[in-house]
Protein chains: 2
Amino acid sequence: MPNRVSDLDLIDRRILKALLTEGRLSNADLANRVGLSASPCWQRVRRLEEGGFIRGYASILDQDLLGAAETVMIEVVLDRHDDEVLEAFGRTMQQMPEVLEVHLTTGEYDYLIKVAVDGTKGYESFLREKLYRVRGIRHTRSSFVLRTLKDVQAYIPDGD
Amino acid sequence: MPNRVSDLDLIDRRILKALLTEGRLSNADLANRVGLSASPCWQRVRRLEEGGFIRGYASILDQDLLGAAETVMIEVVLDRHDDEVLEAFGRTMQQMPEVLEVHLTTGEYDYLIKVAVDGTKGYESFLREKLYRVRGIRHTRSSFVLRTLKDVQAYIPDGD
DNA sequence: GATGAAAACTTTATAAG
DNA sequence: CTTATAAAGTTTTCATC
């Protein structure tokens with residue numbers, strides 16, 4: 001069972017690249033795409049799942065149609081930087097459904113969060129009713145996303 | 001065919017929530033999960049796909065196992081802000097496979113990009129060999145991601 | 001909405017070249 | 001790796017209540 005990058009050959013990488021953007025490809029189509037017959041292709045997918053390379057499958061939803069069509073990136077600086085405060089903040093953010101991404105970072109701020117909001121009104125109410133009710137925030141800095149040109153889940157390095 | 005938020009009822013929302021994190025649920029399991037029998041559940045999934053709510057399916061890969069295990073958020077300020085320069089930069093970033101997200105934003109910087117790198121060496125070589133070969137960059141500001149606590153693709157607002 | 005059924009396809013396992 | 005087989009499960013369509 002592969003569990004390191006070096007265990008992946010060119011065909012494994014092709015499988016991962018195909019499934020990254022088309023997670024519901026049938027085994028027959030996938031085999032055809034990567035240049036294998038069905039049976040070894042299926043075994044490779046199993047191995048990639050069991051080895052943890054493929055962690056799961058997700059649907060890609062249209063946020064515009066769902067509402068909360070605007071995306072805001074909010075950098076958050078906390079008052080204190082001890083583990084307890086940092087972790088508590090992270091856990092709180094994690095639980096808010098409109099918060100899509102929560103990243104603890106190095107540098108000038110502590111957290112970067114990506115939030116789906118419904119216009120400037122939605123943004124305002126997220127800040128006032130949710131974010132600023134969390135204790136320990138020193139300050140925040142927001143940038144609205146005007147356009148997202150790419151949003152993929154992973155990068156599959158070439159094995160050269 | 002639904003094509004607005006208001007066309008989604010509670011069961012549609014349940015279907016989307018389930019598929020958001022388990023994109024390969026079988027129709028039988030999904031039906032059971034959302035409290036429907038198989039046939040109407042299947043019709044709803046079809047409608048959600050045709051209505052554009054579900055744009056596709058993806059696999060979730062383990063970036064640690066694949067290599068390029070570190071994530072860096074890089075804010076980029078460009079020299080000029082005319083459409084031509086902005087779009088050209090965006091398109092260039094979009095084509096680099098290690099660049100996972102490309103967002104054109106309001107505020108103090110122009111673009112926020114999320115990049116998968118292989119340690120500080122990989123970061124350095126991305127900056128030197130890729131990012132700084134692109135013309136028109138005034139400056140950048142990077143933050144390494146220490147930990148990602150949440151990373152989901154969409155938010156399904158409640159229909160209340 | 002629920003149920004049931006039929007055909008086509010997919011998944012999963014296994015055997016043999 | 002390939003081809004082939006087979007049972008179980010899933011997808012898709014469609015008719016009926």
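Values below: all heavy atoms of this structure, side chains included; hydrogens, waters and symmetry mates excluded. First the proteins, then the strands, lettered A, B, ... as listed; each starts at 1.
Residues B:Val72 and B:Ser142 share a closest heavy-atom pair of CG1-CB, 3.9 Å.
Using a 4.0 Å cut-off between charged side-chain N and carboxylate O, B:Asp110 and B:Arg80 make no salt bridge. Using a cutoff of 4.0 Å between basic side-chain nitrogens and carboxylate oxygens, B:Asp9 and B:Arg44 are scored as salt-bridged. Electrostatic pairing of B:Lys121 and B:Glu70 does not count as a salt bridge here, judged by no charged N lying under 4.0 Å from a carboxylate O. One finds no salt bridge joining B:Glu49 and B:Arg55 here, because no Lys/Arg side-chain nitrogen approaches an Asp/Glu carboxylate oxygen to under 4.0 Å. Here B:Glu75 pairs with A:Arg141 in a salt bridge; the nearest charged N to carboxylate O distance falls below 4.0 Å. Ionic pairing of A:Glu124 and A:Arg128 is present here: one or more N-O contacts between side-chain nitrogen and carboxylate oxygen are shorter than 4.0 angstrom.
In this structure, CG of A:Leu30 is placed 12 Å from P of C:dT10, rounded to the nearest angstrom. One interatomic measurement links the two molecules: CD of A:Glu50 to P of C:dT11, which rounds to 16 Å at whole-angstrom precision. Distance A:Arg14 CZ to D:dC1 P: 13 Å, rounded to the nearest Å. Computed from coordinates, the A:Glu49 CD to C:dT11 P distance equals 10 Å when rounded to whole Å. Counting to the nearest Å, the C1' atom of D:dT16 and the CD atom of B:Gln43 are 13 Å from each other. The nearest whole Å value for the distance from the CZ atom in A:Arg44 to the P atom in C:dT12 is 18 Å. Summarising the geometry, the separation between CG on B:Leu10 and P on C:dG1 is reported as 12 Å, rounded to the nearest angstrom.
No side-chain donor-acceptor contact under 3.5 Å links A:Tyr109 and A:Thr140.
Put simply, CG on A:Leu30 and CZ on A:Arg14 are 11.5 Å apart, with the number rounded to the nearest 0.5 Å. Between the CG atom of B:Leu112 and the OG1 atom of B:Thr105 there is a distance of 6.5 Å, given to the nearest 0.5 Å.
Annotation: the terminal axes of the helix from C:dG1-D:dC17 to C:dG17-D:dC1 meet at 20°, where each axis is the rotation carrying the C1' atoms of four end pairs onto the next four (5 pairs per end, rounded to 10°).
Residues B:Tyr111 and B:Phe89 place their aromatic rings such that the two centres sit under 6.0 Å apart.
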Could you list all N or O pairs between the protein and nucleotides 10-13 of chain D that sit under 3.5 Å apart?
from, atom 1, to, atom 2, distance (Å)
D:dT11, OP2, B:Asn27, N, 2.8
D:dT12, OP2, B:Arg46, NH1, 2.9
D:dT12, OP2, B:Arg46, NH2, 3.4

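Interface residues of residues 54-62 of chain B facing DNA chain C, ordered by number: none; criterion, heavy-atom separation under 4.0 Å.
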